[in-house]
Amino acid sequence: MTVTGTSGARLLAAGDSDKLSGRLRHAVAGFVDEPRDAVQEADLVLRELTERLTDSVTERRRALRQSWQTDGADGAAAGATATAADTERLRLALRDYRELAERLLRV
């Protein structure tokens, strides 16, 4: 998974988002006939949505960490003699962290 340039990437797959939206619309439409069932379904949709979003953000964070962390063997030496390539990789990682965090803060 490439993390660079993820600012436009969706946190949920379009199919998952559509499915959850459909379930929520169905729950709202069914409220008049079965209010308790409608609210229970809305609760389930929200639970599933939050779980999927949490999983997605956790995976993005893992991928971001991998994009800039070095293996333990040469990590200490790399810190002392950072190259331009290392600095660019870190700059891109910071940009991606910032973009993801800002997207989450706008939610």
Side-chain angles (χ1 to χ4, degrees):
M1 172 180 175
T2 301
V3 180
T4 303
T6 59
S7 61
R10 296 176 62 115
L11 292 175
L12 288 179
D16 291 341
S17 181
D18 292 344
K19 179 182 169 190
L20 291 169
S21 292
R23 285 177 52 199
L24 186 58
R25 282 192 304 275
H26 184 266
V28 170
F31 181 80
V32 172
D33 296 326
E34 297 289 338
R36 181 170 298 279
D37 290 345
V39 172
Q40 286 175 336
E41 178 63 14
D43 180 65
L44 292 172
V45 169
L46 185 59
R47 184 186 76 201
E48 188 171 338
L49 176 60
T50 57
E51 288 171 355
R52 288 180 185 217
L53 284 172
T54 299
D55 291 346
S56 177
V57 171
T58 299
E59 176 57 27
R60 293 261 176 108
R61 182 172 173 260
R62 185 196 62 73
L64 276 169
R65 285 180 62 91
Q66 287 180 343
S67 75
W68 63 269
Q69 288 186 328
T70 58
D71 293 342
D74 62 353
T81 58
T83 66
D86 293 334
T87 302
E88 178 63 7
R89 184 179 62 196
L90 292 170
R91 185 190 71 78
L92 292 173
L94 182 58
R95 180 200 64 191
D96 290 344
Y97 273 110
R98 184 189 71 219
E99 288 175 353
L100 180 56
E102 287 175 348
R103 285 178 66 194
L104 292 172
L105 289 169
R106 286 190 300 264
V107 172

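What you see is a predicted model, and the numbers here were worked out from it, not measured in a lab.
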> Do the side chains of E99 and R103 get nearer than 4.5 Å, heavy atoms only?
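Side-chain contact under 4.5 Å: no.
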
> Between side-chain atoms of residues 16-27 and protein atoms elsewhere (two or more places apart, or another chain), which donor-acceptor pairs fall under 3.5 Å?
| residue | atom | partner | partner atom | Å |
| --- | --- | --- | --- | --- |
| D16 | OD1 | R52 | NH1 | 2.9 |
| D16 | OD2 | R52 | NH1 | 3.1 |
| S17 | OG | R10 | NH2 | 3.4 |
| S21 | OG | S17 | O | 3.0 |
| R23 | NE | E41 | OE2 | 2.8 |
| R23 | NH1 | E48 | OE1 | 2.6 |
| R23 | NH2 | E41 | OE2 | 3.2 |

> What's the separation between atom OG1 in T50 and atom CG in D55, rounded to the nearest 0.5 Å?
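Reported value, rounded in 0.5 Å steps: 9.5 Å.
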
> Tell me every residue that passes side-chain contact (heavy atoms from CB on, under 4.5 Å) with Q66, counting only those two or more places apart in sequence or in another chain.
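For Q66, the residues satisfying side-chain contact (heavy atoms from CB on, under 4.5 Å) (neighbours in sequence not counted) are R62.
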
> Is any side-chain heavy atom of Y97 closer than 4.5 Å to a side-chain heavy atom of R60?
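Not in contact.
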
> Drop me the distance from E59's CD to L11's CG, to the nearest 0.5 angstrom.
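It is 12.0 Å, given to the nearest 0.5 Å.
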
> Using the test side-chain hydrogen bond (donor to acceptor under 3.5 Å, both in side chains), find all partners of E34 that sit at least two apart in sequence or belong to another chain.
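By the side-chain hydrogen bond (donor to acceptor under 3.5 Å, both in side chains) rule, E34 matches no residue at all.
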
> How would you list, by chain and number, every residue that makes a side-chain hydrogen bond (donor to acceptor under 3.5 Å, both in side chains) with E102, sequence neighbours excluded?
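Not a single residue meets the side-chain hydrogen bond (donor to acceptor under 3.5 Å, both in side chains) criterion with E102.
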
> Is there side-chain contact between L92 and R89, with at least one heavy-atom pair below 4.5 Å?
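They are not in contact (no side-chain heavy atoms under 4.5 Å apart), so the answer is no.
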
> For R61, which residues count as a side-chain hydrogen bond (donor to acceptor under 3.5 Å, both in side chains) partner, sequence neighbours excluded?
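Counting only residues at least two positions away or on another chain, R61 forms no side-chain hydrogen bond (donor to acceptor under 3.5 Å, both in side chains).
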
> Who else is in the cluster with F31 when I, L, V, M, F, W and Y are joined by side-chain contacts under 4.5 Å?
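Cluster partners of F31: V39.
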
> Mind checking whether L104 and L53 sit in one hydrophobic cluster, side chains of I, L, V, M, F, W, Y counted as touching below 4.5 Å?
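Yes, L104 and L53 fall within the same hydrophobic cluster.
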
> Does Q40 offer a backbone N or O that forms a donor-acceptor pair with the side chain of D43 under 3.5 Å?
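Absent.
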
> L94 and L90: side-chain contact (heavy atoms from CB on, under 4.5 Å), yes or no, with the steps?
CA-CA 6 Å; L94 182 58; L90 292 170; over 6 Å; no

